[in-house]
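Each remark here refers to the structure printed beneath this line.
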Amino acid sequence: MPEFAPQIHPISRKEKRTLSVDCRGNLEGSSVIIGAPTITEFGSAHLTIADQQVSTSTLVINGDSVAAGKAIIFSVDARGGSVRRNHTYQITLEFDTDVGERVAGGVRLRTD
């Protein structure tokens with residue numbers, strides 16, 4: 001199982017949200033993410049995940065500037081009928097780097 005970030009981010013069951021994930025902690029030095037990231041819901045398939053991409057410009061994430069190639073952006077739609085109330089969903093992120101590594105990590109979302 002991948003290592004998940006300690007934060008649990010809220011998401012309403014009435015929203016579709018774009019998320020930006022800072023991956024610098026999973027990258028070695030100046031390495032960057034290459035190719036298309038793979039993003040999946042771990043353990044269920046209640047959320048709709050789409051628009052996966054690597055950042056192409058500097059983003060501000062949680063108050064920090066994150067250089068291009070060091071973040072992943074994707075959308076999560078929690079409006080589906082099977083999305084559970086007050087449930088913590090785990091989202092896994094897998095990506096390749098320019099130094100030949102395959103990296104896995106994850107984030108958690110909590111529905112209202």
Side-chain angles (χ1 to χ4, degrees):
M1 180 184 301
E3 184 176 332
F4 287 85
Q7 304 87 355
I8 299 176
H9 303 280
I11 188 168
S12 169
R13 292 182 316 129
K14 298 177 184 176
E15 77 176 311
K16 179 179 179 181
R17 177 186 287 182
T18 299
L19 300 175
S20 301
V21 179
D22 179 353
C23 297
R24 292 178 298 176
N26 298 89
L27 296 169
E28 291 184 20
S30 62
S31 67
V32 294
I33 302 165
I34 59 169
T38 302
I39 302 173
T40 55
E41 182 181 336
F42 184 80
S44 65
H46 300 154
L47 303 171
T48 301
I49 299 169
D51 307 320
Q52 301 95 319
Q53 59 186 305
V54 177
S55 62
T56 57
S57 62
T58 298
L59 300 175
V60 176
I61 302 174
N62 295 329
D64 290 333
S65 290
V66 181
K70 295 189 178 279
I72 293 175
I73 305 162
F74 61 99
S75 66
V76 176
D77 192 337
R79 298 175 293 185
S82 62
V83 175
R84 294 189 272 173
R85 289 186 88 101
N86 301 314
H87 183 75
T88 300
Y89 288 95
Q90 298 181 108
I91 309 297
T92 61
L93 300 91
E94 295 182 76
F95 55 88
D96 295 312
T97 70
D98 62 343
V99 294
E101 293 183 313
R102 179 78 173 162
V103 180
V107 296
R108 291 184 178 96
L109 301 175
R110 177 93 179 158
T111 57
D112 58 4

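In this text the structure is predicted, and so the values were computed from the model without any measurement. Values below: every heavy atom of this structure, side chains too, minus hydrogens, waters and symmetry copies.
- Judged purely by atom type and a 3.5 angstrom limit, T111 uses its side chain to pair as donor or acceptor with the backbone of N86.
- Residues L93 and P37 have side chains not in contact (no heavy-atom distance under 4.5 Å, counting atoms from C-beta outward).
- In this structure, CZ in R110 is found 14.0 Å from NE2 in H9, a value given to the nearest 0.5 Å.
- Evaluated for a side chain to side chain contact (heavy atoms under 4.5 Å, CB included) with F95, the options I34, I39, I72, T38 yield exactly one hit, I72.
- In terms of modelled atom types and a separation under 3.5 Å, the side chain of E41 and the main chain of H46 share a donor-acceptor contact.
- Grouping the Ile, Leu, Val, Met, Phe, Trp and Tyr side chains by contacts below 4.5 angstrom, directly or via other members, places I33 with I49.
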*Can you list the steps and then say if I91 with L47 is a side-chain contact (heavy atoms from CB on, under 4.5 Å)?*
CA-CA 10 Å; I91 309 297; L47 303 171; 3.8 Å; yes
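- No continuous path of hydrophobic side-chain contacts links Y89 to F4 [ILVMFWY only; heavy atoms under 4.5 Å].
- Transitive grouping of hydrophobic side chains (ILVMFWY, heavy atoms separated by less than 4.5 Å) keeps V103 and I73 in distinct clusters.
- Summarising the geometry, atom CZ belonging to R13 is positioned 10.5 Å from atom OG belonging to S82; distances are rounded to the nearest 0.5 Å.
- Taking a 6.0 Å sphere around CZ of R85, one finds it holds 12 or fewer heavy atoms contributed by other residues, nucleotides or ligands.
- Counting all heavy atoms, side chain and backbone alike, V54 lies closest to G69 at CG1-CA, 3.7 Å.
- Rounding to the nearest 0.5 Å places CG of D77 at 10.5 Å from OG1 of T18.
- Residue R79 holds its CZ atom at 6.5 Å from NZ of K16, rounded to the nearest 0.5 Å.
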_Assess the residue pair L19 and L109 against the criterion (side-chain contact (heavy atoms from CB on, under 4.5 Å)); give the C-alpha distance rounded to whole Å, side-chain angles, the decisive distance to 0.1 Å, and a yes or no._
CA-CA 11 Å; L19 300 175; L109 301 175; 3.9 Å; yes
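- Across all non-hydrogen atoms, the minimal contact from S12 to A78 is O-CB, 3.4 Å.
- Residue pairs that meet the side chain to side chain donor-acceptor pair (under 3.5 Å) test with at least one member in residues 19-31, sequence neighbours left out, are D22-R24.
- Rounded to the nearest 0.5 Å, atoms CG (L59) and NZ (K70) are 13.0 Å apart.
- The CD atom of Q90 lies 10.5 Å from the OG1 atom of T40; values are rounded to the nearest 0.5 Å.
- Between V60 and S65, the shortest heavy-atom contact is CG2-OG, 4.3 Å.
- The ring pair (Phe, Tyr, Trp, His ring centres under 6.0 Å) analysis of residues 47-81, with sequence neighbours excluded, yields no pairs.
- Without hydrogens or angle criteria, R108 side chain to A5 main chain gives a donor-acceptor distance under 3.5 Å.
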